[in-house]
Amino acid sequence: VTDAATTGSGYGVLDDYKTLNTYSSNGTYYLYDVTKPMNGVIETFTARNGSSLPGYYSTDSNNSWTAYSQAADVDAHAYAGKVYDYYKNTHNRNSFDNNGATIRSTVHYGSNYNNAFWNGSQMVYGDGDGSTFTSLSGALDVVAHELTHAVTERTAGLQYQYQSGALNESFSDVFGYFLDPGDYLMGEDVYTPGISGDALRSLSNPSKYGQPEHMNNYVNTSSDNGGVHTNSGIPNKAAYNTISSIGKAKAEKIYYRALTVYLTPTSNFSYARAALLQSAADLYGSGSSTYNSVKAAWDAVGVY
Ligand SMILES: CCCCC[C@H](S)C(=O)N[C@@H](Cc1ccccc1)C(=O)N[C@@H](C)C(=O)O
Ligand SMILES: [Ca+2]
Ligand SMILES: [Zn+2]
């Protein structure tokens with residue numbers, strides 16, 4: 001019996017049709033993408049609403065992934081491939097370890113689970129409860145957020161607490177924007193399916209969703225690892241200021257260089273400003289308008 005890379009198709013969480021890089025073996029099709037360079041693999045599993053990982057390979061009998069129960073699998077797989085392609089094509093990074101590590105996702109994690117995460121080895125997505133979230137892999141910015149945690153872990157290693165943790169969260173949101181640049185919203189495609197126009201967070205208006213957007217409003221708390229999902233509003237706003245003044249193409253180069261060259265596990269907001277300024281100087285010159293825009297972006301959020 002021949003095993004082979006195949007092309008399937010199906011519908012995502014938003015009922016959107018897409019083709020899929022799959023694999024056939026012994027008459028069964030797998031969400032197993034072998035099309036990436038240097039034998040990189042992207043593979044998708046289902047936890048079948050349990051909590052053991054990775055769970056079971058997502059399979060189909062005829063390579064037509066059209067069941068509603070498969071929509072989360074379809075998007076986790078397709079969007080992981082998109083994020084792989086982004087890091088390779090834009091930053092010449094071959095997977096999160098820059099050495100072709102297998103990118104593994106598991107969907108249908110837990111019951112009514114309103115979150116997604118990187119567990120140090122793989123991405124994990126809940127189905128949501130249908131009110132706060134629908135299946136979280138249905139949003140490209142969510143997938144990019146989670147895979148960027150893997151990149152951060154292998155590079156800056158920003159500790160997931162207090163200011164370094166808020167930076168960790170912010171870099172995941174910012175690369176979520178770079179993958180999904182149609183808006184400055186985060187999670188809008190899967191957040192509150194019954195309500196249109198809202199989002200979990202906004203990079204342009206963090207305060208719209210309860211986040212501070214200036215250092216004067218930094219929230220001192222021990223919950224949520226020191227408010228990592230709250231205080232990320234401050235670097236998120238600085239990122240919006242940067243992107244809106246210098247454009248996406250320059251901003252993504254500066255952010256990638258800061259993350260991979262300068263940031264460290266204990267970097268705080270002030271150090272992130274310095275790292276981004278140094279990256280801007282390296283790439284565009286210290287007297288450049290680009291450099292001055294990054295400076296102004298962080299001045300505006302009160303981080304020096
Ligand atoms: C398991 C413990 C929590 C891990 C937090 C993960 S990394 C996380 O930040 N998940 C994102 C998911 C996301 C990303 C982009 C857009 C929408 C939703 C997140 O922001 N989770 C929120 C709900 C949170 O944990 O507060
Ligand atoms: Ca978005
Ligand atoms: Zn996160």
Side-chain angles (χ1 to χ4, degrees), residues 1-86 88 95-96 100-119 121-130 133-147 150 179-180 189-190 193:
V1 182
T2 53
D3 289 3
T6 46
T7 301
S9 64
Y11 295 96
V13 173
L14 305 185
D15 297 327
D16 51 324
Y17 174 84
K18 56 197 72 180
T19 57
L20 299 161
N21 293 320
T22 58
Y23 196 79
S24 74
S25 175
N26 252 346
T28 297
Y29 294 89
Y30 297 79
L31 290 182
Y32 188 85
D33 178 351
V34 295
T35 64
K36 304 310 179 189
M38 279 112 89
N39 303 316
V41 167
I42 296 171
E43 57 184 16
T44 301
F45 290 71
T46 171
R48 296 182 183 168
N49 293 111
S51 56
S52 47
L53 296 171
Y56 309 83
Y57 271 112
S58 297
T59 62
D60 191 73
S61 59
N62 66 358
N63 216 11
S64 178
W65 305 72
T66 56
Y68 281 121
S69 62
Q70 295 175 309
D73 313 48
V74 163
D75 277 343
H77 196 65
Y79 292 157
K82 274 184 179 284
V83 181
Y84 175 92
D85 292 344
Y86 168 82
K88 188 72 180 68
S95 194
F96 56 87
T102 293
I103 294 172
R104 174 177 290 176
S105 304
T106 295
V107 296
H108 305 303
Y109 174 82
S111 172
N112 294 326
Y113 188 67
N114 284 319
N115 221 334
F117 59 94
W118 169 262
N119 77 346
S121 306
Q122 64 164 100
M123 291 177 279
V124 184
Y125 300 93
D127 290 325
D129 59 10
F133 281 107
T134 187
S135 302
L136 281 92
S137 60
L140 179 55
D141 57 10
V142 174
V143 175
H145 176 109
E146 301 313 337
L147 196 46
L179 267 292
D180 176 43
D189 290 341
V190 293

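No experiment lies behind these values; they were computed from the predicted model shown. Residue numbers count from 1 along this sequence.
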In terms of side-chain heavy atoms, does [X] have a donor or acceptor partner in [Y] at a distance below 3.5 Å?
{"X": "H108", "Y": "N49", "answer": "no"}
{"X": "T22", "Y": "T6", "answer": "yes"}
{"X": "Q70", "Y": "S58", "answer": "no"}

All side-chain contact (heavy atoms from CB on, under 4.5 Å) counterparts of [X], not counting sequence neighbours:
{"X": "S51", "value": "Y109"}
{"X": "T134", "value": "V13, V190, P193"}
{"X": "D16", "value": "L14, K18, D75, Y79"}
{"X": "Y68", "value": "D15"}

Side-chain contact test, heavy atoms from C-beta onward, threshold under 4.5 Å: evaluate it for [X] versus [Y] and give yes or no.
{"X": "D3", "Y": "Y23", "answer": "yes"}
{"X": "M123", "Y": "I103", "answer": "yes"}
{"X": "Y125", "Y": "S135", "answer": "no"}

If every non-hydrogen atom of [X] is compared with every non-hydrogen atom of [Y], which pair is closest and at what distance?
{"X": "A5", "Y": "V34", "result": "CB-CG2, 3.6 Å"}
{"X": "P37", "Y": "K88", "result": "CG-CE, 4.1 Å"}
{"X": "A139", "Y": "D189", "result": "CB-CB, 4.1 Å"}
{"X": "S95", "Y": "Y84", "result": "N-CE1, 3.5 Å"}
{"X": "A80", "Y": "I42", "result": "CB-CG2, 3.8 Å"}

According to salt bridge (Lys or Arg N to Asp or Glu O under 4.0 Å), does anything in residues 32-59 pair up with another residue at least two apart or in another chain? List the pairs.
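The answer is K36-D85, E43-R104.
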So which pairs with a foot in residues 58-74 pass salt bridge (Lys or Arg N to Asp or Glu O under 4.0 Å), sequence neighbours left out?
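Qualifying pairs, neighbours excluded: none.
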Counting heavy atoms not belonging to [X], are there more than 12 under 6.0 Å from its [atom1]?
{"X": "N62", "atom1": "CG", "answer": "yes"}
{"X": "Y32", "atom1": "OH", "answer": "no"}
{"X": "Y86", "atom1": "OH", "answer": "yes"}

Where do Y113 and V124 land on the side chain to side chain contact (heavy atoms under 4.5 Å, CB included) test, with the steps shown first?
CA-CA 10 Å; Y113 188 67; V124 184; 5.7 Å; no
Can a donor-acceptor pair be found, under 3.5 Å and without considering hydrogens, that links the side chain of D127 to the backbone of S111?
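No, D127 side chain to S111 backbone: no donor-acceptor pair under 3.5 Å.
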Backbone N/O of T44 and side chain of S105: donor-acceptor pair under 3.5 Å
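No, because the side chain of S105 does not come within donor-acceptor range (under 3.5 Å) of the backbone of T44.
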With under 30° as parallel and over 60° as perpendicular, where do the rings of Y57 and F45 fit, or are they tilted in between?
parallel
Using 0.5 Å steps for rounding, measure from the CG atom of L53 to the CD atom of Q122.
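Here the interatomic distance stands at 4.5 Å.
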Mind checking the NZ-CG spacing from K82 to D180? Nearest 0.5 Å is all I need.
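Nearest 0.5 Å value for the NZ-CG distance: 10.0 Å.
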